[in-house]
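In the text below, chain A, chain B and the rest are named by the order of the sequence lines, each starting its count at 1.
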Amino acid sequence: MENIEIARMLAQTADLMEIAGEDPFRIRSYRNAAAAIEGFPERVADIACNPARKVTEISGVGKGLAAVVCEILSRGSFDKRDELVERYPPTALEMLNIQGLGPKSIALIIEHFRVTSLEDLERLCNDQKLRTLPRMGAKLEDKVLRSIAAYRQSAGRFLLRFAMGVADELKDYFSDRTVEAAGSLRRGKESVGDLDLLVCHADPEPVLDRFVKHSKVSEVLAKGENKASVKFGLEGIQVDMRVLPPQSYGAAMQYFTGSKTHNVILRQRALRRGLTLNEYGLFELEGNARMGGATEQEIYERLGLDWIPPEMREAQGEIEAAEQHRLPRLIELSDIRGDLHMHTRETDGRASLAEMAECCQARGYEYIAITDHSKALAMANGLDEARVIAFAEQVRHIDHQAAGIRIFSGLECDIRRDGSMDIDDDALAALDFVVASVHSFMNLEPAEMTDRLLRAVENRYVRVLGHPTGRMLFNRDGYKYDFEAVATAAAHNNVALEVNSSPERLDLYDPLLRAAKAKGCKFTISTDAHHPKHLANMRYGVLTARRGWLQKEDVLNTLPVNQFAEAIRR
DNA sequence: GCCGTTTTCGGCCCGACTGTTTTCAGTCG
């Protein structure tokens, strides 16, 4: 059993314990242990069977939870979990995803009504039954109904990070041949419905056999001569694998990468040229002679187009641009020279400044900005003015030469309801780099939110607007405001807009990136890392930026360190 | 349930908002 599975089981039990109203500190221990195990560099299962090692080596796992972990490893569950699973319907855990309902309300609802599904819950709201319970009213019923609808819309889709993890796992599994992901994953979409994998091979059978025999395949949906579909892993994501001969590989890659509308336009274009395009290749209408198909380049070229990067294939003008040889040269991961948004143990991060810097150096960065929270985020132990100044002082004394990386003193400063900064100007002036972000009052009327953000980007110390829309994928929409007005003001005030690489955010994203770029905005791509392992999320931010047609020149943290330092000087 | 210790018990990030109350519990971050 892998660490992630153990962690998930502990976290799930913690959720159930919360519904059962158990001791909050005990619950936290379960959560801490889950996080520690998930982030643990070695397989916990290996440590458990090594007589020379102890599971309690993992900080956060004591005697009690070590026994639990061993029980999980030996029989796939543990007593406490069994007891809770027995006591509550499976939908209890699902209900935690519904905004407005927490563990207490869920316990109450389950106690009073036999709720076994979200449909039951929906019915309770529609029948105005929820309001018969203490502290529940019409507004809550309304909120729950809206949240159920949003939750349903996201169900069955998976975050890009998760899908990429599965794709990487299967690529490793087929280490001796090339497996490539097509579909929305290849286009870098923030979420994907299923996974399309392509393999180039003349003899499909052994490849597909091996695919369906993967230990994580829970169900084989279909298996034919050239294609197999399975449900994969605990989450049950559908994975399709197609095996293609070399002469069709490029055509299949093109076809299965999509998007659908992009492909429709390409096929129309082929027809106008007396050709027909399908997943096997490009053919002449008369006589059926093969005109291409081994590579994507060949197909685009035969259609009079430059090769179009997958992230741009959304029928947003890329075909015209390719025809006129004016496709932008998109930013690449290797262009990134620094990460400008990260947290440390000083607030709610999990590692020290030195550890974060060391990991960034190992990633090959020239510079970073440490941007811990400001005091409005009390739950994160945000910095007040005195701590901000002390921190800037501390950074000033770091020997960058010796550290091997330039560290800029930064702050993720909360934007108050009125658009003012959560930290006084005097303290902000001590810093190199201020990211301003909204973390509260997210449901203001659009006009008030627009004024708030305009005031924020007009602040002379602010360099970046952090996660500008505030969306959380599968969870909540962004704040409502006049984005164009704020982007215009940001460009005018030299405030960059952030592409936040956190897989749950990916904010800004494609249509807004293009709109902001048209207004003359600059951007940063940063991870918002709260742990060294989050630094690797930069790849998702770069993919998102590419979907917004961003080039190296549009992004501040592609600059060499001296130019970057110059660019952020007031 | 973990951790650290002034070792075997006490502390563990908590403030703001919402909707429901009629003085505050529950949720959120």
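Within the nucleic acid shown, A/Leu140 comes within 4.0 Å of sugar-phosphate atoms alone, with no base atom in reach, counting heavy atoms only. Within 4.0 Å of A/Ala67, counting heavy atoms only, lies no atom of the nucleic acid at all. Heavy atoms of A/Ser440 sit nowhere under 4.0 angstrom from any nucleic acid atom. Heavy atoms of A/Asp23 sit under 4.0 angstrom from at least one base atom.
Atom name C1', nucleotides B/dT8 and B/dC14: the rounded distance is 28 Å, in whole Å. With C1' as the reference atom, B/dT21 and B/dA25 are 10 Å apart, rounded to whole Å. Annotation: B/dC28 and B/dC13 have their C1' atoms spaced 14 Å apart (nearest Å).
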Would you list the protein and nucleotides 25-27 of chain B atom pairs, both N or O, that sit under 3.5 Å from each other?
from: B/dA25; atom 1: O4'; to: A/Arg135; atom 2: NE; distance (Å): 3.3
from: B/dG26; atom 1: O3'; to: A/Ser105; atom 2: OG; distance (Å): 3.2
from: B/dT27; atom 1: OP1; to: A/Gly102; atom 2: N; distance (Å): 2.5
from: B/dT27; atom 1: OP1; to: A/Gly102; atom 2: O; distance (Å): 3.0
from: B/dT27; atom 1: OP1; to: A/Ser105; atom 2: N; distance (Å): 3.0
from: B/dT27; atom 1: OP1; to: A/Ser105; atom 2: OG; distance (Å): 2.4
from: B/dT27; atom 1: OP2; to: A/Lys104; atom 2: N; distance (Å): 3.3
from: B/dT27; atom 1: O5'; to: A/Gly102; atom 2: N; distance (Å): 3.4

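An OP1 or OP2 oxygen of B/dC13 is reached within less than 4.0 angstrom by a side-chain nitrogen or oxygen of A/Arg28.
Just one of A/Arg547, A/Arg546, A/Lys189 meets the salt bridge (charged side-chain N to carboxylate O under 4.0 Å, His left out) condition when paired with A/Glu311; it is A/Arg546.
Checking B/dG1, B/dG19, B/dA16 against every side-chain atom of A/Lys139, the shortest atom distance belongs to B/dG19. Which of B/dG1, B/dC17, B/dG29 sits closest to the side chain of A/Met442 comes down to B/dG29.
Counting heavy atoms of neighbouring residues, nucleotides and ligands inside a 6.0 Å radius, atom NZ of A/Lys375 exceeds 12 of them.
For the side-chain contact (heavy atoms from CB on, under 4.5 Å) test, residues two or more places apart in sequence or in another chain that qualify with A/Asp482 are A/Thr450, A/Glu484, A/Ala485.
Heavy atoms only, all atoms of each residue included: A/Asp422 and A/Ala376 are closest at OD2-N, 2.6 Å. Nearest approach of A/Ala489 to A/Val457, heavy atoms of both residues: CB-CG2, 3.8 Å.
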